[in-house]
Amino acid sequence: MGTKTVQRVATVTIRFAGDSGDGMQLTGDRFTSVTAQLGNDLATLPDFPAEIRAPAGSLPGVSGFQLHFADHDILTPGDQPDVLVAMNPAALRTNIGDLQPGGTLIVNSDAFTAGNLKKAKYAADPLRDGSLEGYQVFEVPMTTMTMGALESAELGKKDKERAKNMFALGLVSWMYSRPLESTEQWLRQKFAKRPEIAEANVAVLHAGWAFGETTEIFSHSYEVQPAALPTGRYRQITGNTALAYGLIAASERSGLPIFLGSYPITPASDILHELSRHKEFGVRTMQAEDEIAGIGAALGASFAGMLGVTTTSGPGVALKSETIGLAVSVELPLVIVDIQRGGPSTGLPTKTEQADLLQAMYGRNGEAPVPIVAPATPGDCFDAAIEAARIALKYRTPVFLLSDGYLANGAEPWRVPDPDGLPDLREVVNFATVPNHDDGFWPFQRDPETLARPWAVPGTPGLEHRIGGLEKADGSGNISYDPDNHHRMVELRAAKVAGIAKDIPPLEVDDPDGHARVLVIGWGSTYGPIKAACRRARSRGTPVAQAHLRHLNPFPANAGEVLARYDRVLVPEMNLGQLRMLLRAQFLVDAVGYNRVRGLPFTSSELEEAIVGLEQEGAR
Amino acid sequence: MGTKTVQRVATVTIRFAGDSGDGMQLTGDRFTSVTAQLGNDLATLPDFPAEIRAPAGSLPGVSGFQLHFADHDILTPGDQPDVLVAMNPAALRTNIGDLQPGGTLIVNSDAFTAGNLKKAKYAADPLRDGSLEGYQVFEVPMTTMTMGALESAELGKKDKERAKNMFALGLVSWMYSRPLESTEQWLRQKFAKRPEIAEANVAVLHAGWAFGETTEIFSHSYEVQPAALPTGRYRQITGNTALAYGLIAASERSGLPIFLGSYPITPASDILHELSRHKEFGVRTMQAEDEIAGIGAALGASFAGMLGVTTTSGPGVALKSETIGLAVSVELPLVIVDIQRGGPSTGLPTKTEQADLLQAMYGRNGEAPVPIVAPATPGDCFDAAIEAARIALKYRTPVFLLSDGYLANGAEPWRVPDPDGLPDLREVVNFATVPNHDDGFWPFQRDPETLARPWAVPGTPGLEHRIGGLEKADGSGNISYDPDNHHRMVELRAAKVAGIAKDIPPLEVDDPDGHARVLVIGWGSTYGPIKAACRRARSRGTPVAQAHLRHLNPFPANAGEVLARYDRVLVPEMNLGQLRMLLRAQFLVDAVGYNRVRGLPFTSSELEEAIVGLEQEGAR
Amino acid sequence: MTTALPLTKKDFVTDQEVRWCPGCGDYAVLATVQGVLPELGIARENLVFVSGIGCSSRFPYYVDTYGFHSIHGRAPAIATGVAASRPDLKVFVVTGDGDGLSIGGNHLIHALRRNNNLTIILFNNQIYGLTKGQYSPTSELGKVTKSTPFGSVDQPFNPVSVALGAEATFVARSIDNDREHLGRMVKLAAQHKGASLIEVYQNCNIFNDGAFDAVRDHKANQIRLEDGQPIRFGQDGEMGVVMEHDGTLRMAPVAEVGEERVLVHDAHRDDPGLAFALSRLSSGPTGPTPIGVFRQVSRPVYGLEMQRQIDDATARRGRGDLAALLAGTDTWDVP
Amino acid sequence: MTTALPLTKKDFVTDQEVRWCPGCGDYAVLATVQGVLPELGIARENLVFVSGIGCSSRFPYYVDTYGFHSIHGRAPAIATGVAASRPDLKVFVVTGDGDGLSIGGNHLIHALRRNNNLTIILFNNQIYGLTKGQYSPTSELGKVTKSTPFGSVDQPFNPVSVALGAEATFVARSIDNDREHLGRMVKLAAQHKGASLIEVYQNCNIFNDGAFDAVRDHKANQIRLEDGQPIRFGQDGEMGVVMEHDGTLRMAPVAEVGEERVLVHDAHRDDPGLAFALSRLSSGPTGPTPIGVFRQVSRPVYGLEMQRQIDDATARRGRGDLAALLAGTDTWDVP
Ligand SMILES: Cc1ncc(C[n+]2csc(CCOP(=O)(O)OP(=O)(O)O)c2C)c(N)n1
Ligand SMILES: Cc1ncc(C[n+]2csc(CCOP(=O)(O)OP(=O)(O)O)c2C)c(N)n1
Ligand code: SF4
Ligand code: SF4
Ligand SMILES: [Mg+2]
Ligand SMILES: [Mg+2]
C-alpha cells in the first residue's frame, strides 16, 4: 500500500456510470469480485439501457453499475451512492441527482467536450457553472492519462482509449484499498488470444492506482473491513447464475436431467446461456422458435421423464399462458421461471418490476391453479429454484418461480452450499412402474396424501396411456363430459395446490421488540430494502414487525393468523398492489400498500418513511 | 284443433334428447321459433357433445335441447324438464335423471334395440324393467311411423329415417298446441333445392301431429297463453347473434367499419360466421392464421381507424394476452370478445363456465388494466356489445366482453330496438385532425376529463406519429426510460380505467321487501337463475336483495356502499369464486360463494336453497 | 412386461370408442397406421403419439402406445421435447391442415428445419372439421364456408411446397383410403432418421365431402413417385412427366414425347429443387397429382446432436461435479 | 396540410436519435429507404411502417410517417389489419431474422400466402442483435453463440426458399450497403401489388461481424438476378448459371459452357420452380449468392378482394339497413 493515510469506513456505495461503450458493467463486476473476495458483504445494482448501444454520449446510452459493500451484513445496493464515477456528461447528468449531498464525484474531465455536453443536453459545463458545489468533485483527465500510459503500446487509438475504464477501476481500487492482482489475472485470461490488449489494460489499471497514490488530489484512501458473515466458503453470485445452479442442483438431487425449452428475452436469457454451458450434467437446452414452443418442448420433455424447465420474462409468460393451462390439466411437473421486468407490454425491458404476480396466479383460462415461489435475494434464487422443482415434481404440477431483473443481475456474496445438504428429490420423483388398477394403469388415480397423480414415463412397459387437455374422468383419466366429474376435477386440482400449504414452512415474523403494531410484509426482491428499512425504523425507535413470503400460492398455513396479529399491515411492492389484493381477499385484512413502479428497487429510506408514517397513524 | 280437451298450463319445460345425428338441435330450434311467435316468454339450453358426431347410439353422442316457455316472464331454461323426448336409449340414460318426478317421458320405442341398449350400457331394457315407474311413459314407435308416413315417397331409406325428428316435433307441437305452418315454410325454404326432402319432412311433421290427435295414448293436449311482455316488436335471438348485431350497431352508430380478426373456436365461431355475412355494412372479417394474428390484425385495424374486434374463447384469450398488453400500452380501442367455456385448457369446449374473469382482469404482464363488461342474458349481449365498444372508443382502450357458452347458444324473445334509440358513438370517436402541441402532434397528450389519448389515423396529414410497446413519455409519447415517468404512466393508465366508474350507471338493487339481510350478487349469465331463485325464495317468505354486475372493471361507483348495506353477501358463480375474490379484496366484505363448475347453468332451485340457507344462518 | 414382439395390429387398438363421424377418412388412416406399427419392430412402450386439436388430433386416444392430445397447433413443439430428450423413443405427430398449417405453422416449419426425429402425419381435409366447417389454409381459393360465405380470397398453401421450403428432409403425400400406399409411406417416414412429413389427403365427408375425389377415386390422376422410376401415370401409364429445357415440368403423353424423355424420380437428390418442382405439378387435388416420397435426404438429427454434445462434454470434462460447479473458481473463506 | 409532393429524403427523417451501434448495417438501410420513399410519390400520411421487436425493428421511430413498433414477431399480423382495412395506405413491415423467421415465422408465411398489400423488409443479420447475440434460424450450422456454446445443431432456413414455399408473389434479396441495388429492390417491392419480401443481408458488427463479407465485399460473389438477362457473375461476368438436363443448376465458367447455355432469368414465370432452384444455389452467404428479384407474379390481393366483396354485397343488397337487420324475418308484436 502507499504512503497516504487510510481511513476505516463501515460501508460504502459506489456507482460507476458511463456510456454503454465505456465498459461500466465490466468495471463494476471486477470491483465487485475483488470486494467479495475481501470478505465484505455486498449488493449490486447494474442498470443498463434497452438498446445495445445507444449513440455514444447520449442520455439514453448511459449505463450504470452500483455497488454497496460493508463490514457488516447489508441488504440493498444502497439508496444513494457515496461515490459517483461519471465517465462523460451524459452519465453525470442522469446520475448526479442520486449522489449523497457532499458525496464524492469523480469525472473523466476529458469527456467534457462541447459536443458531449450538447449530447447530454447541458447548456453550460457543469464542471464550471458551480452547479456541483455541494459535492467533492475530482476532475481526472482519464482519457489523457490512459493514452499516456499506453504511449508506447502497439495498439490502435480506439483500443487504447477503450482501456480508460481500467483507469477508473485502478483509481477507485486504490481509494478503497482493493488489490489489483485478481483483475490482472482475469484480464490476461480474458484476452488470452490478444495479449497486447491484456497488457495494455493491466498497465492502465496500474496507472489509475498510481494516480490515486501519487497525485495531490486525493489526500487519503479508505478501507472496509471484512464482514462477519457466517462461517463458510463464499463466492459472489448473481441471481440468474444462482437460479441456473439451483436448477442443476435439483436435477442432480432428483436424478432427472434438465430439459430447458426457452426463447431469449431480457433479463432471462442469461439462464439459458448458463445452462447451455453445463452439458456434462446432462443438461439439454433448446433455443426454441418462440416462447410457446419453448414451454411446449419443456412439457413434452416432462412427459418423457425429464425435469422440464422454461425460462422467460413477462411477455413470454403471456405467450405461454395457454400451455401452462395444459400443464395444469395434464398434471405434469414443470418449472416456469419468470424474470420480471418493467411492463406492460415491452415496457422497460432492462428494468425491474414485480407486476407479474397476478399474471402468474390467474393468467390462464378456466380454474387453473399454479403454485408460486419467489426468491428474496440473488443467492436465494438457488434455493428457490430447488424448492420450485421440489413442488413441481412432488405434486406433478407446473410451478412459477418469480424472480426479477434486480435479482437476476444483482450480485451478493453467497455461502457455497454442500450438495449433500440439499433436499433429496429422488423420492418425490417416484415414477410409476406397475399398473395401479384392475384395468391397468390409471393416470389420474391420485396419491391420497398429496393428491398427485402417478407419473409413468414412455419406455415403461405396460403403462401405456394417453393424456390431454380435455376434462378427464377422476381416476381413469378417460375423456369425460360428465358435469359432476368436471366439478370434482376442478376442486381436486384446487385442493392439490392448496394442500401444498401443509408442506411448506410457516411464515416467520421478525419482531425483535415483540410489541410492534405494524407488520410489513413483502415478497421477492423487495426483501433487502424492506429488511433494511425495518432496521432503520427500529433504530429510530419505531417498532415494526417484518415478514416475507416465499410462497405466494398457496400462502403458508399460518399467514392469516400472522396478519391478524397486527393493527396495520403494510405491503410494499414494485407494482400497484398485487400481493396486497391477494391478502385482502383471502384474509380480509385492511392491508395498505406502498407502491412505486419506477423500474428500480426501493430505497430503504423511502420504505422507512412509509413504515414510520403508518406506525404514527396508529393502531386500529 | 282437434277433438281432445285442451288444458291450460302456465309454464312448461321440454327437453329433446337424441343422437347427434338425430337432429335434436334443429327440432328444438323450430319448436322455440314457433313458441316465440306465439308470444310466450322462453329460454333455451342447447347441450351438445364436443365431437362432431360421436358414434351413433353412444352415450357421448347424445345431444340435447331444453326449452322453457311460459305465459309470464321467465328467466331460465328450466331446472328440470316436465317433458323429456328421448330418441334412443343413450338419450334416455343420460337425461332421465333430470326429469321431474311424475314427468312425461316420450321415447322412440323403435330405437330400443339390443344393440342400442348395449351402446347405452343398459343391462336390461329400461322400458321393461320397471325403472321408469315414477314417470308417465309414452312409447311411440317413431321410426316405424315415420317410414309408414313416407311409404310412397321417392326417397332413400336413410333420408326417410332421418325425418323422424319431425315426427317428434309434430307430436310435441300437437301436445302444446303449436301450429305447424311456419315450420312447413321453413322446411320448404331450407330444402328448396330438394323439394322431395322438404315434402317428406312436412308429411312426417303432420303424421306426428295426427298421431297425438288421433291415438288413444294421449288424452289431452296443453295450451300456454302468451306472456305479458312489454309492448313492442319481438324476435327470438341467441346470445351470439345478439352480440354480432350489437357490434354492427356500434359500427353504424360510430361511423367506424368493423374489422374482425378472429380464429374459429367453440363457442365463439358463430360470431365470426354471423359477421362475415353482413358485408353490406362494410364489415371486414378476417379468419386469421391463429388467435394472435386475429387480435394483431384487429389492433392494426384500430390503428388504421376501424372498430377493431376480436372474438374467441378462453384458450384464445390466453394466446392473445401479450397483444392485449400491447393494446393497453398503445391505448387503442379494441373489443375483445370471450365466449367462456369449460376449462382449464381445452376443458369442455361445448359447455358453459365463468372462469375467465380473472384471466380478463390479470392475464397479462405488468400493470395492464382492461375494462370488463359482461352481458346477463342472450338479448343483453346486444347492449353489452355496444357498451363495450363505447368504452373502447371513448377511452382508447381494449375492453373485454365476457359472454359464455350458455348465453351464446341460448335463445330468448328479444324486443327489437329502434336504431335511433341506440347510443350515438360518433362523438366519442373524435379523430384528431390537427396538431395538439407546439411540437406538432403529441399522441399521449391526454384528455384531462377521460384521460383518453388522441386518436390520429393514418391518412391524416401532419399527424404522422409512432407508437409502440416500450414505455412512453407522458405527453409526447417518445420512448422514455425515466423512472418517474414510468410510475406516472402506470398510474395514469390505471386512473383512466378506474375513472370509467364515473361514466357507468350505479349498481341497482332489487329488494322488493326493503328489509333483506342477504344480498345475492352475480355477473354474466347467472342472472336468470339468480333472479328466478330470488323470486322463489321470496315467495317462500325469505327476503333477499339481488344485484347484478354488468361492469366488472371498474365496478360501479356505488358497489362498495351497496355491499356494505347487507349482513351477508352471496356470490353464485360458475367458477371457484372469482368475482367473490375481487369483491372481498376491494371492499373487504366477507362475501361467500356458491360455486359449481359443472359446465351447466345453475338451476334456480339450487340457488334458492343457498339463499334460504344463508338467510337462516342469520345476520352478522 | 414389455409386450412380446412381434406385435399385431390388435396390440395397438385401445379400449376407447372411436368418435369420428361415420364415413370419415380418419378411420382408414387409423387402421392403416395401426396395421403398420407392428412392422416397425418397436415395442409399444417406446412409441409416442402427440397431437394437437382437431378431429384428426383425437388419433392418439385410439392407439395403444403412450400418447399426448395436446393443444391446438403445438404438437410439433411438444413432440420435439419428447424426441429431443429421449432419442430412444419413436415419436409421431398427428395434426390437421388447420392444426399444423394454420395455428401451428411455425412449429411445423421449425420442426422440419430442425430435423428432429419426428414422423408428422398431416391429415389434410382442406377444412376445419372439429369446429364445424370453416375454410383452412389448404382450402381452394373461392371456397364457400361458414366463415367465408362469399368465398375465400386467399391462396392456399401447398403443404409439400411449404415443407420443402422449410428444409424438410423427408416429404411424402398419400391418400387416406389407399391402404397399401399409405402404409408404405408411413413405414418409410417412420424409418427416416430426422423429421418426416406425410401429407394425407383425407376426406371429411361432413364438411368437405369429395374434396379429393379427383385423385382419390381416379387412379389415373395419381402420379406415383417412385424413387429411380420414370414418373408415369394415367390409366395405363400412358402419361409421363417431362422436363422442358427451361426446367419447367409438364405432363405429356408418353407416346408423344418418347419414353426416354420421361423424368426419372430421384427422391434422394440433395438439392430440393426437383422435389419442389414436382410439388408444383398440381395446385390442388383436382387433376393429376403426385403422391409418394418427394424427398428423402440425410442430415444431422437434432436430438442426436444434442446427445452427442452431452456425451462429448462428459467425455471431455467428466460427469458434472455439483460441488465444483457451485464453488466456481473465485471463492473465499469466512472463518 | 398534406406535405407537398415531391418529397425529399429529409421529409422522412424524424427528430428521434437513432439508437443503433456505430457501424451497424441498419443505418445504411434506413438511409436507403428514406432516400427511396420520395420516389414512390406517396404522401407521408399514407405511409405506415410496422415493426416487431429487435434492433432492426426500431426502424419506424426514424421514419417520419405513421409507425407502429409492435411486439416480437407480430408485425405481419398487425400490418395485415392495417392494409386489409385501408387499401388506400402503403404499408411496410420491418422485421429481423429472429422477429420474422423465428417467433414470427407463421405470420410471415401466412402474410405471403395471403398476398395482402405489404412490403416486408427482413433484416437478416443471422443473429439476435437486441438480446445480445444468440443464434437465429438463419445462423449457419455449428454457430457458436451465447446460447449455443458448443455450436448450433440445426439447419438454418433459407429465407428466400421459405418465402417461395409459402406462395410468395414477390421475393428479392439485397445487401445493406449496396445503396443502388437495395434502393431499386425496395422500390420494386413497394410497387408490387400484393405481398413482397426483401431479404436484406445486414451486418451486425457487434455480434456477428462479417457474416456477409464474402458476398457484401466481393462483387464477384454477387449473382445478380435481372429479369430477362442471362445470369452471369464473377469479376467480369466470366461465370454463369447453367441448367443441367435433370433440372439442377450449376455455376460454371461461361467460356467453358458457352454463352448460349447460360440461364436467362425469368422472374415473372408463373411456376416458382426456377426461383426456388435459384434460391438453392447458395446455402449461405459464403460464396457466390444470388441477389435481386427471384420472383414477381401477379395474384389476387387480399385487401382488395375483401373490399370487392364489400362493394359487391353493397351493390347487390344496398347499403346495410340496421333496422331491417335487427328485426330479421321472424318477428311478432306484443301490443
Ligand atoms: C387455441 C385454440 N384455438 C382454436 C381452437 C378451436 N379449434 C379446434 S380444432 C380447430 C381446427 C381444426 O381443423 P384441422 O386442424 O384441420 O383438423 P380437423 O378437425 O379438420 O381434423 C380449431 C380452430 C382450439 N381448440 N384452441
Ligand atoms: C415475446 C418476446 N420474446 C422475446 C423478446 C426478446 N427479443 C427481443 S428482440 C429479439 C430477437 C432479435 O433478433 P432479430 O429479430 O434478428 O433482430 P435484430 O436485433 O437482430 O435486428 C428477442 C428474442 C421479446 N421482446 N418479446
Ligand atoms: S367432421 Fe369431418 S374430419 Fe371431423 S370426424 Fe367428421 S368427417 Fe371426419
Ligand atoms: S447489436 Fe448488431 S444489429 Fe443491433 S444495433 Fe448493434 S450492430 Fe446493429
Ligand atoms: Mg382439417
Ligand atoms: Mg437478427
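Below, chains carry the letters A, B, ... as their sequence lines are ordered, and counting in each starts from 1. What you are looking at is a predicted structure, and each value in this text was computed from that prediction instead of being measured.
Between chain A and the residues B:D482, B:L326, B:L576, B:D356, the largest count of heavy-atom pairs under 4.5 Å involves B:L576. Ranked by heavy-atom pairs under 4.5 Å with chain A, the list B:E322, B:M361, B:E471 is led by B:E322. In terms of heavy-atom pairs under 4.5 Å with chain A, the best-connected choice from B:G325, B:A585, B:G343 is B:A585. When A:K472, A:K351, A:R596, A:R580 are compared by the number of non-hydrogen pairs under 4.5 Å with chain B, A:R596 comes out ahead. Chain B forms more heavy-atom pairs under 4.5 Å with one residue of A:T94, A:V328, A:D590 than with any other, namely A:D590. Interface summary for chain A: among B:A318, B:A327, B:A494, B:P344, the most heavy-atom pairs under 4.5 angstrom belong to B:P344. Comparing A:A591, A:A360, A:G347, A:G314 by how many heavy-atom pairs each has under 4.5 Å with chain B, the most go to A:G347. Of the listed residues (B:L348, B:N575, B:T323, B:L582), the one with the most heavy-atom contacts under 4.5 Å to chain A is B:L348. Of the listed residues B:A355, B:G363, B:S313, B:P483, the one with more heavy-atom pairs under 4.5 angstrom with chain A than any other is B:P483.
When heavy atoms are compared at a cutoff of 4.5 Å, B:I292 approaches chain A solely by way of its side chain, counted from C-beta outward. For A:N595, the part lying under 4.5 angstrom from a heavy atom of chain B is the backbone only. Contact of B:V589 with chain A is made through the backbone alone, with heavy-atom distances under 4.5 Å. Contacts between B:R493 and chain A at a heavy-atom distance below 4.5 Å involve the side chain alone, from C-beta outward. Heavy-atom distances place both the backbone and the side chain of B:L470 under 4.5 Å from chain A. Looking at B:D338, there are no atoms closer than 4.5 Å to chain A (heavy atoms on both sides), in backbone or side chain. For B:V490, the parts sitting under 4.5 Å from any heavy atom of chain A are the backbone and the side chain alike. Contact annotation for B:Q586: only backbone heavy atoms (N, CA, C, O) come within less than 4.5 Å of a heavy atom of chain A. If you measure heavy-atom distances from B:S480 to chain A, the contacts under 4.5 Å come from the backbone alone.
A:R598 CZ to B:N485 CG: the interatomic distance, rounded to the nearest 0.5 Å, is 11.0 Å. Atom-to-atom distance recorded for B:L600:CG and A:H487:NE2 is 12.5 Å, nearest 0.5 angstrom. Note that CG of A:L357 and OH of B:Y362 are 10.5 Å apart. Values are rounded to the nearest 0.5 Å. To the nearest 0.5 Å, atom CE of residue A:M574 and atom CD of residue B:E367 are 12.0 Å apart. B:K320 NZ to A:S321 OG: the interatomic distance, rounded to the nearest 0.5 Å, is 13.0 Å. Rounding to the nearest 0.5 angstrom, the gap separating the CG atom in B:L588 from the CZ atom in A:R584 is 4.0 Å.
A:G366 approaches B:Q578 most closely through the heavy-atom pair O-NE2, 4.5 Å.
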Verdict with supporting geometry, A:E353 and B:H486, side-chain contact (heavy atoms from CB on, under 4.5 Å): CA-CA 11 Å; A:E353 201 160 294; B:H486 179 47; 2.7 Å; yes
Derivation and outcome, side-chain contact (heavy atoms from CB on, under 4.5 Å), residues A:N365 and B:V317: CA-CA 7 Å; A:N365 58 303; B:V317 172; over 6 Å; no
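Side-chain atoms of A:M581 and B:M581, non-hydrogen and from C-beta on, do get closer than 4.5 Å to each other.
Remark: B:F587 engages B:F555 in a ring pair (Phe, Tyr, Trp, His ring centres under 6.0 Å) (not counting sequence neighbours).
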